[in-house]
Amino acid sequence: MSPDHPNLRRMPAQLKAVSLFSGCGGFDWGAQQAGVEIIWANDVDPHAATAYRGLFPNVEFHEGDIRGIGAFPEADVLIGCYPCTGFSVAARRRSPHRGAERELRANEGNFLYQEFLRALRQVRPKYLFVENVKGMVCAEDGWFLAKQVNCFRHAGYSISLKRLKASAYGVSQQRERVFIVGVRSDVVKTRRFKYAFPEPTHGPGTTHPYATLHDTIGGMPLWPEGEYCESPFHGHYLTRNRKRGWGDLSYTIVAHAHHVPLHPLGEPMQNIGQDAWALQGGENRRLSWRECAAIQGLPLHVEPSGSLMNKHRVVGNAVPPAFGRNLLAPVVALESEE
């Protein structure tokens with residue numbers, strides 16, 4: 001039978017994606033699971049680059065500052081998990097009319113979205129996906145987030161944004177992040193498509209309970225030598241509760257080895273006063289970097305290079321793959337209808 005015979009259904013071409021500020025590839029791993037082919041990626045961190053190449057050996061990876069990259073390949077999807085490094089500090093909810101923009105500009109990392117915008121205008125993908133910290137929603141009364149969204153709209157994209165909880169998609173931690181999704185205007189018009197964020201798959205009102213620490217790290221070694229920070233627990237660390245039980249979600253996995261949550265083994269911490277918590281018993285240690293990776297939902301074979309601090313930084317900065325898998329699913333489904 002001829003390949004052009006009307007009774008033969010043509011398979012839709014796989015969506016191809018360019019990934020910027022890719023880190024170790026967490027979001028990209030999820031996008032790949034959704035059916036998207038990652039063809040090109042970039043990050044400046046050499047230790048994240050090692051991990052990325054281990055997960056995606058066939059992807060063209062450019063290690064280095066994005067500002068030195070002149071051209072990007074054509075793609076259907078543009079992914080950007082660009083950092084806004086000053087936002088946890090700068091999020092004081094001041095008006096931009098009182099110097100907020102000046103302070104934000106003092107930290108160049110906050111304006112890396114302009115490099116994403118440069119790539120967007122050049123690549124002209126059908127879809128864009130951006131991830132960033134939840135503080136961006138309220139910081140500076142939302143001014144800085146609105147600035148980015150307006151730029152994407154002016155570039156010709158219909159924009160949706162939402163703050164999402166990782167736990168709602170099967171990740172065993174309370175991590176929250178802001179996601180911006182854009183659909184090119186001609187796709188919206190010709191396909192009559194309006195992007196809708198995926199409904200939760202885990203938790204109240206769903207068919208699956210939240211994933212717990214026991215579900216995720218219950219089978220891992222209790223005292224993995226050399227894989228967790230053994231520094232003393234300093235005063236700042238003890239200003240709040242750092243330990244969740246086996247049946248709970250983890251606290252958010254962070255990028256600093258000294259500040260990651262405690263492993264659930266042993267006794268709970270005890271509140272001994274305002275901003276003061278005490279450790280109980282002798283079974284207290286921080287989570288290992290491999291446990292942090294598992295709680296993030298990263299593949300078991302992820303392997304950043306460098307010191308323990310490097311590994312924790314790479315893992316803590318990663319985007320849980322569950323976000324990529326669920327957020328890309330609606331556009332993959334749309335393309336499969338053709």
Side-chain angles (χ1 to χ4, degrees), residues 15-23 25 27-28 31 36 38-45 48 60-87 90-91 96 100-137 139-163 177-189 193 195 197 317 319 323-324 327-328 331:
L15 287 172
K16 299 184 185 302
V18 163
S19 172
L20 309 178
F21 312 97
S22 309
F27 192 94
D28 298 3
V36 174
I38 311 297
I39 62 169
W40 193 97
N42 158 259
D43 201 272
V44 71
D45 186 338
E60 183 179 350
F61 188 92
H62 285 246
E63 180 183 333
D65 192 327
I66 191 172
R67 289 169 288 194
I69 297 172
F72 305 91
E74 293 183 0
D76 306 294
V77 179
L78 186 63
I79 297 167
C81 303
Y82 49 80
C84 283
T85 51
F87 256 88
E101 183 169 4
R102 184 174 62 254
E103 290 190 22
L104 286 169
R105 284 194 179 279
N107 191 326
E108 289 186 2
N110 287 332
F111 283 82
L112 286 172
Y113 82 88
Q114 293 175 341
E115 295 301 313
F116 180 85
L117 181 62
R118 176 172 68 89
L120 181 70
R121 288 170 172 159
Q122 183 183 124
V123 178
R124 292 295 298 162
K126 293 180 179 179
Y127 313 102
L128 70 87
F129 291 84
V130 167
E131 177 265 1
N132 224 297
V133 294
K134 68 176 182 178
M136 191 177 293
V137 172
E140 314 303 342
D141 296 323
W143 162 77
F144 195 65
L145 177 60
K147 188 178 183 70
Q148 296 170 62
V149 168
N150 287 337
C151 285
F152 300 150
R153 285 179 173 147
H154 290 158
Y157 289 82
S158 174
I159 299 297
S160 303
L161 64 94
K162 193 170 185 178
R163 191 165 74 180
R177 289 294 184 267
V178 174
F179 289 90
I180 303 171
V181 178
V183 182
R184 205 172 62 202
S185 298
D186 62 300
V187 177
V188 174
K189 184 176 180 179
F193 176 67
Y195 183 85
F197 284 93
N317 283 332
V319 182
F323 280 135
L327 290 173
L328 270 294
V331 301

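All values derive from a computational prediction rather than experimental measurement.
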- Inter-residue atom distance Leu128.CG - Ile180.CD1, 0.5 Å rounding: 8.0 Å
- Message: Holding to salt bridge (charged side-chain N to carboxylate O under 4.0 Å, His left out), I want the full list of residues that pass it with Asp45, two or more places apart in sequence or in another chain.
- Response: Arg313
- Item | Smallest separation among heavy atoms of Val123 and Ala75, with atom names | CG1-N, 3.7 Å
- Item | Heavy-atom side-chain proximity of Ile38 to Ile79 below 4.5 angstrom | yes
- Message: I'd like to know if the side chain of Arg184 reaches the main chain of Arg124, judged simply by a donor and an acceptor atom lying under 3.5 Å from each other, with no hydrogens or angles considered.
- Response: yes
- Message: Going by salt bridge (charged side-chain N to carboxylate O under 4.0 Å, His left out), name the residues that satisfy it together with Glu60, two or more places apart in sequence or in a different chain.
- Response: none
- To the nearest 0.5 Å, what is the distance between CH2 (Trp40) and CD (Glu74)? 14.0 Å
- Note on the structure: For Ser22, the side-chain hydrogen bond (donor to acceptor under 3.5 Å, both in side chains) test, sequence neighbours excluded, returns Ser19
- Between NZ on residue Lys126 and OG on residue Ser185, distance to nearest 0.5 Å: 14.0 Å
- With side chains defined as the heavy atoms from C-beta onward, is the minimum distance between Val77 and Pro125 less than 4.5 Å? no
- Task: Please round to the nearest 0.5 Å and tell me the distance separating atom CG of Leu328 and atom OH of Tyr127.
- Result: 10.5 Å
- Looking only at heavy atoms, what is the nearest atom pair of Ala17 and Val36, with distance? CB-CG1, 3.6 Å
- Taking ring pair (Phe, Tyr, Trp, His ring centres under 6.0 Å) as the test, write out the residues that go with Phe116, two or more places apart. Tyr82, Phe152
- Task: Could you check whether the rings of Phe129 and Phe27 sit parallel, tilted or perpendicular, using 30° and 60° as the cut-offs?
- Result: tilted
- Apply the test ring pair (Phe, Tyr, Trp, His ring centres under 6.0 Å) to residues Tyr195 and Tyr157: give CA-CA distance (whole Å), side-chain angles for both, the deciding distance (0.1 Å), then the verdict. CA-CA 11 Å; Tyr195 183 85; Tyr157 289 82; over 10 Å; no
- Task: Report yes or no: does Asn42 contribute a side-chain atom to a donor-acceptor pair with the main-chain N or O of Leu20 at less than 3.5 Å?
- Result: no
- Quick one: closest heavy-atom pair of Val133 and Val178, and the distance? O-CG2, 3.6 Å
- Task: Verify side-chain contact (heavy atoms from CB on, under 4.5 Å) between Val181 and Leu161, making sure each step is shown before the conclusion.
- Result: CA-CA 6 Å; Val181 178; Leu161 64 94; over 6 Å; no
- Hey, could you give me the CG/NE2 distance between Asp43 and His62, rounded to the nearest 0.5 Å? 13.0 Å
- Task: Could you pull out all residues at least two apart from Phe323 that satisfy ring pair (Phe, Tyr, Trp, His ring centres under 6.0 Å)?
- Result: Phe179
- Determine, step by step, whether Phe144 and Tyr113 satisfy the side-chain contact (heavy atoms from CB on, under 4.5 Å) criterion, reporting the C-alpha distance in whole Å, the side-chain angles of both residues, the deciding distance to 0.1 Å, and the verdict. CA-CA 11 Å; Phe144 195 65; Tyr113 82 88; 3.9 Å; yes
- Note on the structure: One should read off an interatomic distance between Gln114 CD and Leu112 CG, to the nearest 0.5 angstrom, of 8.5 Å
- Query: Considering all heavy atoms of both residues, which atom of Arg118 and which atom of Arg67 are nearest to each other, and what is their separation?
  - Reply: NH2-CA, 4.2 Å
- Of all residues at least two apart in sequence or in a different chain, which pass the side-chain hydrogen bond (donor to acceptor under 3.5 Å, both in side chains) check with Lys16? Glu37
